[in-house]
Amino acid sequence: MSTEKYSTLAVVGSQWGDEGKGKITDYFAQKADFVVRWAGGDNAGHTIVIDGVKYKLSLVPSGIFNQNSINVIGTGCVINLRKLITEIKYLKEHGINCQNLRISNRAHLIFPYHMKIDELQEEYRQDQKIGTTKKGIGPCYQDKAERIGIRVGDLFDPQNFYTQLERNLKFKNEVLTKIFGAEPFSAQEIYDEYLGLFAEIKELVTDTSFLIDNAIKAEKKVLFEGAQGVMLDLDHGTYPFVTSSNPSAASIPTGVGIAPRYINNVIGIVKAYNTRVGTGAFPSEIFGETADYIREVGKEYGTVSGRPRRIGWFDAVLMKHSLRTSGYTSMAIMLLDVLTTIEEIKICVGYQYNGQTIDYIPSTIKEYEKCEPVWITMPGWKEDITNVTAFSQLPLNAQQYLNKLAEIVGVTISLFSVGPDRKQTILLDEEIF
Ligand code: GDP
Ligand code: IMO
Ligand code: MG
């Protein structure tokens, strides 16, 4: 039996995304040799604030600001080449070099037809919309599962790439024109554009599984950056109102191409309350004055779509589900400052379902939609906490709120965050990475 420990840390979104994964990845990336994304695509929107300067990333890992670390877009990701190149240029304009970026040759490519199909399928769903980001994520992963996907490495063989593209478009154009009444796509146009885009990044494409496997064996510090959150996981989230990949920690080995035993520490990134973009059940959702207040103070508008995020209280049932399926060794509590001045803070500790109190998430969305929250209430605090640098500097009620979260989830808090800036991060456990 192996008792070896590796210098790895996984940053996992524990709720419905936008918990602050980008901020925490950037924070730990200061010490990392490698930073790896394992799932999702440019549906992700990660905000990083360094000394008051705000950066927004969707595809490039949030570790890129440590120019001494290698940043990897792993095999489990789906890549829109247009977006990737725009992001590389955006970073360059801000003085950030992407020579230390590596792209998996096995990652799947998003094409313009995926985005179009995403948009048309959403329209087709009418009142059953998922509320996708329309970035072509679902249709791209669909092609992957159907075994007709085109991968980054395929572009090294232009002739075969053209054959794959032509084959896929033959069918997709039938669907686009005959079912949706939309315009067909031209294989030649996509071919020309994509080969042009590929030329800009081909030096960065490699077998990233070898890269990370070797790095871990050489005792390098490797950070895994999650996108989305466990409740959006295709298997463990609120299906069908989920994304098409597996944001949970369990999919890191597959999405990176390494052994499961290399994943040591998993930090669950947890908003001090709850948000959700897109449709689907949300038992601890709140409306009215407090929700509007949190939305404005927390700037809860989608990074990618600008959509207002739905707001709710912290949900302990959800967190226990998230903990079971992702195995957090500790939690980072984010956006604690947003709750300042709220008199009474609620925590959802159970659900009322069919006249009974339950402490788990039912498997079907129809059942989950009927769950009503069971609350406990905690007193809030009024003092500004945005300059706090230690747990002991927090007002007593804020300390008690954090202690309560740790107690009901059953996981220690290794970090808390009191503002968007890298500086506004209080690490409670130096050992985790
Ligand atoms: P991600 O998708 O998990 O990386 O999260 P997003 O970047 O989409 O959303 C988190 C938002 O909260 C961003 O605007 C961050 O700048 C901001 N943020 C992160 N941590 C804190 C915090 O502790 N306090 C406040 N006020 N904002 C934070
Ligand atoms: P980050 O990494 C929040 C949501 C969409 C929609 C559902 C499916 O910033 O936390 P998709 O386009 O993936 O098919 O949409 O998933 N969603 C996110 N919500 N944060 C994200 O990423 C998200 N990525 C996808 O809003 O409800
Ligand atoms: Mg986000």
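In this structure, a donor-acceptor pair under 3.5 Å is absent between the side chains of Tyr194 and Glu189. Side chains of Glu225 and His46: a donor on one and an acceptor on the other come within 3.5 Å. A donor and an acceptor atom, one from each side chain of Asn160 and Asp154, are nowhere located under 3.5 Å apart. Tyr328 and Ser322 form a side-chain donor-acceptor contact under 3.5 Å, judged by distance and modelled atom types alone. Judged purely by distance below 3.5 Å, without hydrogens or angles, the side chains of Thr75 and Ser104 pair a donor atom with an acceptor atom. Under 3.5 Å, the side chains of Gln164 and Asn168 contain no donor-acceptor pair of N or O atoms. Checking Lys23 against Ser417 by side-chain atom types alone, a donor-acceptor pair falls below 3.5 Å. Looking at Ser330 and Ser414, their side chains do bring a donor and an acceptor atom within 3.5 Å of each other. Between the side chains of Thr238 and Arg276, at least one donor-acceptor pair of N or O atoms lies under 3.5 Å. If you check the side chains of Asp233 and Ser248, you find a donor sitting under 3.5 Å from an acceptor.
Here Lys423 contributes atom NZ and Tyr27 contributes atom OH; the two are 13.0 Å apart, rounded to the nearest 0.5 Å. If you take CD1 on Ile294 and CG on Leu335, they are separated by 10.5 Å, rounding to the nearest 0.5 Å. The OG1 atom of Thr133 lies 7.0 Å from the CG atom of Asp42; values are rounded to the nearest 0.5 Å. Rounding to the nearest 0.5 angstrom, the gap separating the CZ atom in Phe391 from the CG atom in Leu427 is 14.0 Å. Note that the CG atom of Leu197 and the CG atom of Leu109 stand 10.0 Å from one another [nearest 0.5 Å]. Here Thr412 contributes atom OG1 and Asp429 contributes atom CG; the two are 7.0 Å apart, rounded to the nearest 0.5 Å.
Between the side chain of Ser326 and the backbone N or O of Ala249, at least one donor-acceptor pair lies under 3.5 Å. At distances below 3.5 Å, not a single donor-acceptor pair connects side-chain atoms of Asn264 with backbone N or O atoms of Leu9. Listed for the Arg167 side chain is no donor-acceptor partner under 3.5 Å among the backbone atoms of Lys170. Of the possible polar contacts, one joining the Tyr90 side chain to the Lys56 backbone as a donor-acceptor pair under 3.5 Å is found. The backbone N or O of Tyr141 lies less than 3.5 Å from no partner atom in the side chain of Asp143, so there is not a single donor-acceptor pair. Between the side chain of Gln67 and the backbone N or O of Ile64 there is at least one donor-acceptor pair closer than 3.5 Å. Judged by distance alone, the side chain of Glu19 and the main-chain N or O of Gly17 form a donor-acceptor pair under 3.5 Å. In this structure a side-chain-to-backbone donor-acceptor pair under 3.5 Å is missing from Ser251 to Thr254. Under the 3.5 Å distance criterion, the side-chain polar atoms of Glu219 are left unmatched by any main-chain donor or acceptor of Ser7. Counting only distance, with no hydrogens or angles, the side chain of Asp421 and the backbone of Gln424 share no donor-acceptor pair below 3.5 Å.
What you find for Pro247 and Ala227 is that their closest heavy atoms are CB-O, 3.2 Å. Contact detail for Ile130 and Glu122: the closest heavy-atom pair is N-OE1, 3.0 Å. Residues Val409 and Leu323 approach most closely at O-CD2, 3.5 Å, considering heavy atoms. Among all heavy-atom pairs drawn from Trp16 and Ala281, the shortest one is CZ2-O, 3.5 Å. Scanning all heavy atoms of the two residues, the minimum distance from Ala316 to Ile408 falls at CB-CD1, 3.7 Å. When all heavy atoms are compared, the tightest approach of Ala215 to Val222 is CB-CG2, 4.3 Å.
Between Glu367 and Lys370, none of the side-chain N atoms (NZ, or NE/NH1/NH2) sits under 4.0 Å from a carboxylate O, so this pair counts as no salt bridge. A salt bridge is defined here as a Lys NZ or Arg NE, NH1 or NH2 lying under 4.0 Å from an Asp or Glu carboxylate O, and Glu193 with Arg82 meets this definition. Using a 4.0 Å cut-off between a side-chain N of Lys or Arg and a carboxylate O of Asp or Glu, Lys135 and Asp118 do not qualify as a salt bridge. A salt bridge links Asp207 to Arg106: at least one charged side-chain nitrogen sits closer than 4.0 Å to a carboxylate oxygen. A salt bridge does not link Lys320 with Asp359: every distance from a Lys NZ or Arg NE/NH1/NH2 to an Asp or Glu carboxylate oxygen is 4.0 Å or more. Taking 4.0 Å as the cut-off between side-chain N and carboxylate O, Lys271 and Glu300 count as a salt-bridged pair.
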TODO: Go through Tyr368 and Tyr351 one step at a time and tell me if the ring-ring contact (aromatic ring centres under 6.0 Å, His included) criterion holds.
DONE: CA-CA 9 Å; Tyr368 197 37; Tyr351 300 143; 5.6 Å; yes
Task: Derivation of the side-chain contact (heavy atoms from CB on, under 4.5 Å) call for Leu176 and Leu120 - done: CA-CA 9 Å; Leu176 281 165; Leu120 293 168; 3.6 Å; yes
Task: Worked check of side-chain contact (heavy atoms from CB on, under 4.5 Å) between Lys92 and Cys98 - done: CA-CA 7 Å; Lys92 205 171 175 186; Cys98 285; over 6 Å; no
Open item on the list: Assess the residue pair Ile137 and Thr243 against the criterion (side-chain contact (heavy atoms from CB on, under 4.5 Å)); give the C-alpha distance rounded to whole Å, side-chain angles, the decisive distance to 0.1 Å, and a yes or no.
Closed with: CA-CA 8 Å; Ile137 307 294; Thr243 190; 4.0 Å; yes
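Ring to ring, His321 and Tyr360 are not that close: their centroids are 6.0 angstrom or more apart. For Tyr6 and Tyr262, the ring centers are positioned less than 6.0 Å apart.
The aromatic rings of Phe111 and Tyr113 lie parallel to each other, with less than 30° between the two planes, well short of the 60° mark. In this pair, Tyr191 and Phe161 present their aromatic rings parallel. The plane angle is below 30°, not in the 30 to 60° band.
If you run side-chain contact (heavy atoms from CB on, under 4.5 Å) between Asn246 and each of Leu232, Val230, Leu234, only Leu234 comes through. Test Val60, Val72, Leu59 against Leu101 for side-chain contact (heavy atoms from CB on, under 4.5 Å) and you get one pass: Val60.
Within the 4.5 Å cutoff, no side-chain heavy atoms of Thr177 are placed close to those of Glu183. Contact check for Phe224 versus Arg37: no side-chain heavy atoms found under the 4.5 Å cut-off. Using a 4.5 Å cut-off on side-chain heavy atoms (C-beta onward), Ile190 and Leu169 make contact. The closest side-chain heavy-atom distance from Thr325 to Asp235 is not below 4.5 Å. Looking at heavy atoms from C-beta onward, Gln121 lies in side-chain contact with Pro139 at the 4.5 angstrom threshold. Side-chain contact check for Arg295 versus Tyr301: some heavy-atom pair is nearer than 4.5 Å. With a 4.5 Å cut-off on side-chain heavy atoms, Ile269 and Ser14 do not count as touching. With a 4.5 Å cut-off on side-chain heavy atoms, Leu223 and Thr8 do not count as touching.
By the ring-ring contact (aromatic ring centres under 6.0 Å, His included) test, Phe156 pairs with Phe198, sequence neighbours left out.
Both the sub-6.0 Å distance and the 45° axial angle are satisfied by Lys221 relative to the ring of Phe433.
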